[in-house]
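Scroll down for the structure; my scribbles are underneath it.
Every value quoted in this text rests on a predicted model; they were computed, and no experiment measured them. The chains referred to below are lettered A, B, ... by the order of the sequence lines, with proteins before strands, and numbering in each begins at 1.
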There are 2 protein chains.
Amino acid sequence: MKKLAAQPLYKQVIREVMTAVEAGEWQEDESLPSEIELGVRFGVSQGTVRKALDSLVAEGVLYRRQGVGTFVAGMNDFLARGHFLPLAGADGVAPKIELLGCVRIHAGEQLADILGLRRGAALWQVRRLLRVSGVVIGLEEMLLPEAGFPNLDIRRIRELKGNLRELCWRDFGVRLRDGEVRYRAVAAGQNEARLLMVDLNEPLLQLVRLARDFEGKPQVWSVAWLKTETLAFEPAPFA
Amino acid sequence: MKKLAAQPLYKQVIREVMTAVEAGEWQEDESLPSEIELGVRFGVSQGTVRKALDSLVAEGVLYRRQGVGTFVAGMNDFLARGHFLPLAGADGVAPKIELLGCVRIHAGEQLADILGLRRGAALWQVRRLLRVSGVVIGLEEMLLPEAGFPNLDIRRIRELKGNLRELCWRDFGVRLRDGEVRYRAVAAGQNEARLLMVDLNEPLLQLVRLARDFEGKPQVWSVAWLKTETLAFEPAPFA
DNA sequence: GAGTGGTCTAGACCACTTC
DNA sequence: AAGTGGTCTAGACCACTCG
């Protein structure tokens with residue numbers, strides 16, 4: 001491997017592996033070649049491969065099992081990976097996702113700015129419900145450019161159990177990385193109150209995120225409203 | 001360095017360095033010996049020292065400046081390291097902390113459990129205000145066992161500008177690491193409404209944390225209420 | 001036992017900052 | 001030029017899992 005663009009070798013390896021993962025060279029939960037073999041393939045030492053894989057593991061792209069191998073990780077949604085915990089208690093539960101619907105809308109000025117589109121660009125608006133042991137606990141609204149995800153099919157989303165992150169990857173080759181989350185407390189509006197079955201103006205936890213792909217391009221804007229009267233939200237480890 | 005307790009060398013180095021930092025061997029923003037020198041001191045190679053320092057940097061205990069050295073990081077509070085961002089906008093601002101007061105109370109059953117104390121044990125309750133450009137934006141209530149922090153002095157807290165984390169370290173040798181955060185939305189009660197100057201029942205973002213020391217012992221329980229009508233909260237990078 | 005990840009070394013060189 | 005962090009190698013051995 002050459003020193004292109006003065007990038008360190010391990011960063012080049014990260015890119016190469018990422019590209020291969022995105023190209024589907026190894027399926028989900030399928031093991032990659034061993035660190036030594038990857039080293040031979042990229043012309044670097046095992047230590048360098050390891051350093052590269054370390055960051056991909058830290059980012060949740062891969063996972064390792066000692067003595068067994070390194071595997072491609074699944075693509076659970078950010079919220080699906082989070083935990084909902086009883087206020088006083090110990091163990092948390094991950095929510096189940098239920099697709100509500102998917103419609104085509106047009107970007108307002110602000111949203112267009114955020115997603116790097118022109119004003120009025122076509123967007124998909126996907127809405128989902130979150131349930132913990134059957135009880136509705138959250139509502140999520142996600143917006144993604146139609147240009148990048150043409151012919152987004154509601155039945156397809158349903159097939160993947162509402163897992164939009166996995167869909168973006170499988171059907172459109174876009175691998176989303178988690179973005180930073182902003183937290184707010186807001187009063188429930190008409191919509192939220194109805195869908196979450198709470199009173200108007202009841203406090204809801206609002207999570208706002210911008211998910212980017214691995215090139216850093218903004219891809220999905222998401223706003224979620226969570227009912228936290230009896231359960232607190234704890235985000236998943238990775239940023 | 002020996003293979004005690006089957007711990008890998010780099011983990012032993014982490015402990016050694018941590019101990020030295022806690023003992024105050026190097027002051028804040030003072031540089032540690034070079035990686036090579038540390039290697040000689042602990043009887044390991046530079047690569048192993050580096051791996052150890054990597055995790056301490058990731059945890060925010062140390063920071064590095066290429067070509068210069070490795071330094072002991074300051075001890076800003078979790079909330080003080082977070083950012084408050086305008087809803088639509090770009091750059092966030094870190095809040096200023098203002099001490100409200102410090103009183104001695106007794107642990108209820110639940111709190112005693114969490115902090116690993118007996119019921120009724122003496123606690124310090126420290127309350128602080130958070131301001132962003134002068135405007136009150138949050139209230140934080142922290143509880144810590146009197147046993148671990150005897151003679152906690154309000155004037156001393158004030159001296160350190162309300163930075164309780166730094167105080168725990170400097171005066172009591174307890175270095176707190178960030179704990180996981182749980183998020184909720186709650187309605188403002190009497191107290192919160194008065195101190196934050198909002199209406200009763202206005203939605204507030206609640207953050208609940210349990211900070212532990214580097215041995216994993218629970219040390220500080222904290223609950224914060226944040227006004228997020230105009231500013232969203234974004235936690236600091238490190239978990 | 002064979003294959004994998006996990007650790008460790010000694011030594012090398014590069015990139016950066018400071019004097 | 002000297003000293004620091006940052007990268008990289010070749011080779012070694014350990015710890016773990018699985019057939």
Side-chain angles (χ1 to χ4, degrees), chain A residues 1-18 20-21 25-74, chain B residues 1-18 20-21 25-74:
Chain A
M1 188 164 279
K2 294 168 194 172
K3 280 222 148 193
L4 276 175
Q7 278 285 74
L9 290 181
Y10 77 93
K11 288 195 179 173
Q12 296 179 49
V13 173
I14 291 176
R15 286 192 67 86
E16 299 268 2
V17 173
M18 233 3 253
V21 168
E25 182 169 339
W26 313 292
Q27 295 306 305
E28 190 175 312
D29 295 321
E30 185 182 332
S31 84
L32 276 62
S34 73
E35 294 176 348
I36 302 258
E37 284 176 291
L38 286 174
V40 172
R41 165 162 162 187
F42 299 127
V44 301
S45 70
Q46 180 255 1
T48 301
V49 170
R50 186 165 183 80
K51 179 159 186 171
L53 297 190
D54 277 347
S55 31
L56 290 173
V57 168
E59 277 203 273
V61 175
L62 307 174
Y63 63 94
R64 287 196 265 231
R65 283 178 52 202
Q66 174 161 11
V68 185
T70 304
F71 304 82
V72 178
Chain B
M1 189 166 279
K2 294 169 193 173
K3 280 223 149 191
L4 275 175
Q7 279 283 75
L9 290 182
Y10 77 93
K11 287 195 180 173
Q12 297 180 49
V13 173
I14 291 175
R15 286 192 66 86
E16 298 268 3
V17 173
M18 229 11 247
V21 168
E25 183 168 340
W26 313 292
Q27 295 307 306
E28 190 175 312
D29 294 321
E30 184 181 333
S31 84
L32 276 63
S34 73
E35 295 176 348
I36 303 257
E37 284 177 290
L38 286 174
V40 172
R41 165 162 163 186
F42 299 128
V44 301
S45 72
Q46 179 255 0
T48 300
V49 170
R50 187 166 183 78
K51 178 158 187 173
L53 297 190
D54 277 347
S55 32
L56 290 173
V57 168
E59 277 202 273
V61 176
L62 307 175
Y63 64 95
R64 287 197 266 232
R65 284 177 53 202
Q66 174 162 10
V68 185
T70 305
F71 305 82
V72 178

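Distance, L32(B) CG to dG5(D) P: 9 Å, rounded to whole Å. Across the protein-nucleic acid pair, E35(A) atom CD and dA15(D) atom C1' stand 14 Å apart, rounded to whole Å. Straight-line distance from the OH atom of Y10(A) to the P atom of dA15(C): 14 Å, rounded to whole Å. Between L38(A) atom CG and dT4(C) atom C1' the separation is 12 Å, expressed in whole Å. In this structure, Q12(A) places its CD atom 19 Å from P of dG6(D), rounding to the nearest Å. Atom-to-atom, CZ of F71(B) to C1' of dG5(D) comes out at 10 Å; the value is rounded to the nearest Å. Between the OH atom of Y63(B) and the P atom of dG6(D) there is a distance of 13 Å, given to the nearest Å. I36(B) places its CD1 atom 12 Å from the P atom of dT9(C), with the value rounded to the nearest Å.
Closest of all the heavy-atom pairs between L32(A) and V17(A) is CD2-CG1, 4.2 Å. Considering all non-hydrogen atoms of both residues, A52(B) and V13(B) come closest at CB-CG1, 3.5 Å. Residue S55(A) comes nearest to I14(A) through the heavy atom pair OG-CD1, 3.1 Å, listed as atom of the first residue, atom of the second, then distance. Heavy atoms only, all atoms of each residue included: P33(A) and W26(A) are closest at CD-NE1, 3.6 Å.
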Provide a list of protein-nucleic acid N or O atom pairs under 3.5 angstrom, restricted to nucleotides 16-19 of chain C.
| residue | atom | partner | partner atom | Å |
| --- | --- | --- | --- | --- |
| dT18(C) | OP1 | R65(B) | NH2 | 3.0 |

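Looking at the side chain of V44(A), the nearest of the listed nucleotides dG5(C), dT9(D), dT7(D) is dT9(D). Relative to the side chain of Q46(A), the nucleotides dG11(D), dG6(D), dT4(D) differ in distance, and dG11(D) lies closest. Side-chain atoms of S45(B) lie closest to dT9(C) of the nucleotides dT9(C), dT7(C), dT4(D).
Here T70(B) lies in heavy-atom contact (under 4.0 Å) with sugar-phosphate atoms only.
Residues from residues 47-55 of chain A that place a heavy atom under 4.0 Å from any atom of DNA chain D, listed by number: T48(A), K51(A).
Taking E28(B) as the reference, nothing meets the side-chain hydrogen bond (donor to acceptor under 3.5 Å, both in side chains) condition, with sequence neighbours excluded. Every side-chain contact (heavy atoms from CB on, under 4.5 Å) that A73(A) has, sequence neighbours left out, goes to Y63(A). For R50(B), the salt bridge (charged side-chain N to carboxylate O under 4.0 Å, His left out) partners at least two apart in sequence or on another chain are E35(B). Residues satisfying the side-chain hydrogen bond (donor to acceptor under 3.5 Å, both in side chains) test with T70(B), not counting sequence neighbours, are none.
Residues L53(A) and L38(A) form a side-chain contact, since some pair of their non-hydrogen atoms from C-beta on lies under 4.5 Å apart.
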